[in-house]
Undergrad: 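Dropping a structure here in structure tokens format, bear with me for questions.
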Amino acid sequence: MPGCFKKTLFALASLISFVSFVLIVVAMGTPKWMTGKILCKTGADLVNATDPELVKFIGEIYYGLFRGGKIRQCGLGGRRSKFTIFPHMVKKLNTGLHVMIIMFLCVAIFFSLVSFGFCILNAIKVPYRAVNGPAGACLWNFLAGGFVVLAVTSFMAAVKLHHLTERIANFRENVFRFVILEERFEDCFWICVASATAHAVNLLLIAISGIHFPKIKTKTEEVNVTAEDIMY
């Protein structure tokens, strides 16, 4: 049986792995990875709008991995619309990169559950095989956190290098052209960052569990038995 200190650390690590799993699932299902402000360039140019009038041509957009929405402002009031990435819009995006982001997160979900199981195992007992012990728990946490980092990095590349927001904003816009004024990474993006951080914390906890702290020895007084003590 593992010691109380080690058992506590692995129990905490298992809880963190499960929380990471929940965070990734929530992030994937929520359409708030990115928000921004979009300017209806065509409408603004048609009326030669100046700075005070540009407010009438500035709309909003938000999207996640699977769906999103936008408010079009082209001088005639705001028009709300919603869209889905699959199956139509993905053809206009960098399909390979977008699918890779989703695959990275799915793999991270799997490894988070595996690390959860390994941490529970190490909290209950000391495994006979080394691969099932702290070394295995470290491996699965490293892989889970690594795939989340890959997904986050790929999403940043899609936004900054492949102009993901601009492509989504101009999807099926035959008359008007939109330009991006502002982009902000939202809660779901930072939730994934928190998930990767959680696995880094787990690696630290597992490393601490392997430290052998010196035991405090108490000195026992030597008992001197004399002949008089035996008589009494």
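Along the sequence shown, residues are numbered consecutively beginning with 1. Please read these numbers as outputs of a predicted model, since none were measured by experiment.
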Undergrad: Heavy atoms, side chains only, cut-off 4.5 Å: are Cys40 and Gln73 in contact?
TA: no
Undergrad: Can you tell me how far the CZ atom of Phe10 sits from the CG atom of Leu15, to the nearest 0.5 Å?
TA: 14.5 Å
Undergrad: Taking a hydrophobic cluster as the set of Ile, Leu, Val, Met, Phe, Trp and Tyr residues connected by side-chain heavy atoms closer than 4.5 Å, whether directly or through intermediates, do Met156 and Ile191 fall within one such cluster?
TA: no
Undergrad: Which salt bridge (Lys or Arg N to Asp or Glu O under 4.0 Å) pairs, counting each pair once, include a residue from residues 138-160, with sequence neighbours left out?
TA: Lys160-Glu183
Undergrad: Do Ser115 and Asn202 pair up side chain to side chain, a donor and an acceptor below 3.5 Å, judged on atom types alone?
TA: no
Undergrad: Would you check if the side chain of Trp33 reaches a backbone N or O of Phe185 as a donor-acceptor pair within less than 3.5 Å?
TA: no
Undergrad: Decide side chain to side chain contact (heavy atoms under 4.5 Å, CB included) for Ile85 and Arg67; before the verdict, give the C-alpha distance in whole Å, the side-chain angles of both, and the deciding distance to 0.1 Å.
TA: CA-CA 5 Å; Ile85 304 294; Arg67 64 188 189 277; 5.7 Å; no
Undergrad: Is there a side-chain contact between Phe189 and Val159, using heavy atoms and a 4.5 Å cut-off?
TA: no
Undergrad: Would Ser17 and His199 count as having a side-chain donor-acceptor pair, cut-off 3.5 Å?
TA: no
Undergrad: Just by distance, no angles: are the side chains of Thr35 and Tyr63 close enough, under 3.5 Å, to form a donor-acceptor pair?
TA: no
Undergrad: Around atom CZ of Phe66, are there more than 12 heavy atoms from other residues, nucleotides or ligands closer than 6.0 Å?
TA: yes
Undergrad: When rounded to the nearest 0.5 angstrom, what is the spacing between OG in Ser195 and CD1 in Ile109?
TA: 9.0 Å
Undergrad: Backbone N or O of Ala144 within a donor-acceptor pair of the Ser112 side chain at under 3.5 Å?
TA: no
Undergrad: Do Thr165 and Met34 have side-chain heavy atoms sitting under 4.5 Å apart?
TA: yes
Undergrad: Nearest 0.5 Å, what's the NE2-CG distance between His163 and Leu93?
TA: 13.0 Å
Undergrad: Among the clusters formed by ILVMFWY side chains lying less than 4.5 Å apart, do Leu139 and Phe110 turn up in the same one?
TA: yes
Undergrad: For Ser14 and Ile120, which heavy atoms make the closest approach, and how far apart are they?
TA: OG-CD1, 3.7 Å
Undergrad: Does the Lys37 side chain pair with the main chain of Gly59, one donor and one acceptor, at a distance under 3.5 Å?
TA: no
Undergrad: Extract all donor-acceptor atom pairs below 3.5 Å that involve side chains of residues 147-155 and protein atoms in other chains or at least two apart in sequence.
TA:
residue : atom : partner : partner atom : Å
Thr153  : OG1  : Val149  : O            : 2.7
Ser154  : OG   : Leu150  : O            : 2.7

Undergrad: Could you measure the distance from the SG atom of Cys138 to the CD1 atom of Ile206? Nearest 0.5 Å is fine.
TA: 4.0 Å
Undergrad: With heavy-atom distances below 4.5 Å as the criterion, would you say the side chains of Lys92 and Arg167 are in contact?
TA: no
Undergrad: To the nearest 0.5 Å, what is the distance between CG (Asn141) and CG (Leu204)?
TA: 11.5 Å
Undergrad: Run the side chain to side chain contact (heavy atoms under 4.5 Å, CB included) test on Thr95 and Val99 for me, step by step, so that the C-alpha distance in whole Å, both residues' side-chain angles and the decisive distance to 0.1 Å come before the verdict.
TA: CA-CA 6 Å; Thr95 307; Val99 172; 4.2 Å; yes
Undergrad: Without swapping roles, check the side chain of Thr30 against the backbone of Ala27 for a donor-acceptor pair under 3.5 Å.
TA: no
Undergrad: Indicate if Val47 and Ile38 have the same hydrophobic cluster label, given that clusters are the connected sets of ILVMFWY residues with side-chain heavy-atom separations under 4.5 angstrom.
TA: no
Undergrad: Among all residues two or more places apart in sequence or in another chain, which pass the salt bridge (charged side-chain N to carboxylate O under 4.0 Å, His left out) test with Arg184?
TA: Glu182, Glu186
Undergrad: For the residue pair Leu65 and Leu105, establish whether any side-chain heavy-atom pair is separated by less than 4.5 Å.
TA: yes
Undergrad: When hydrophobic residues are tied together by side-chain contacts of less than 4.5 Å, even through go-betweens, does Phe118 share a cluster with Val19?
TA: no
Undergrad: Apply side chain to side chain contact (heavy atoms under 4.5 Å, CB included) to the pair Phe57 and Leu46, showing each step before the final yes or no.
TA: CA-CA 11 Å; Phe57 298 92; Leu46 281 175; over 6 Å; no
Undergrad: Just checking Phe171: does its CZ atom have more than 12 heavy atoms from other residues, nucleotides or ligands closer to it than 6.0 angstrom?
TA: yes
Undergrad: Do the non-hydrogen side-chain atoms of Phe83 and Ile168 ever get within less than 4.5 Å of each other?
TA: yes
Undergrad: Whether Arg72 and Glu60 form a salt bridge (side-chain N of Lys/Arg under 4.0 Å from carboxylate O of Asp/Glu) is what I want to check.
TA: no
Undergrad: Restricting to non-hydrogen atoms, name the atom on Ala169 and the atom on Lys70 that form the minimum distance, rounded to 0.1 Å.
TA: O-NZ, 2.7 Å
Undergrad: Is there a side-chain contact between Val107 and Phe104 in this structure, where contact means two heavy atoms from C-beta onward sitting under 4.5 Å apart?
TA: no
Undergrad: Hey, does Asn122 have a side-chain heavy atom less than 4.5 Å from the side chain of Pro134?
TA: yes
Undergrad: What is the minimum heavy-atom distance between Phe178 and Asn170, and which atoms define it?
TA: N-OD1, 2.7 Å
Undergrad: Roughly how far, to the nearest 0.5 Å, is the CD1 atom of Ile16 from the OG1 atom of Thr197?
TA: 11.0 Å
Undergrad: List the atom of Ala44, the atom of Leu54, and the distance in Å for their closest heavy-atom pair.
TA: CB-CD2, 3.9 Å
Undergrad: Are Val193 and Val22 linked, directly or through other ILVMFWY residues, by side chains that come within less than 4.5 angstrom of each other?
TA: yes
Undergrad: For Lys32 and Asp187: C-alpha separation, side-chain torsions, deciding distance, then whether side chain to side chain contact (heavy atoms under 4.5 Å, CB included) applies.
TA: CA-CA 7 Å; Lys32 275 291 180 78; Asp187 295 343; 5.8 Å; no
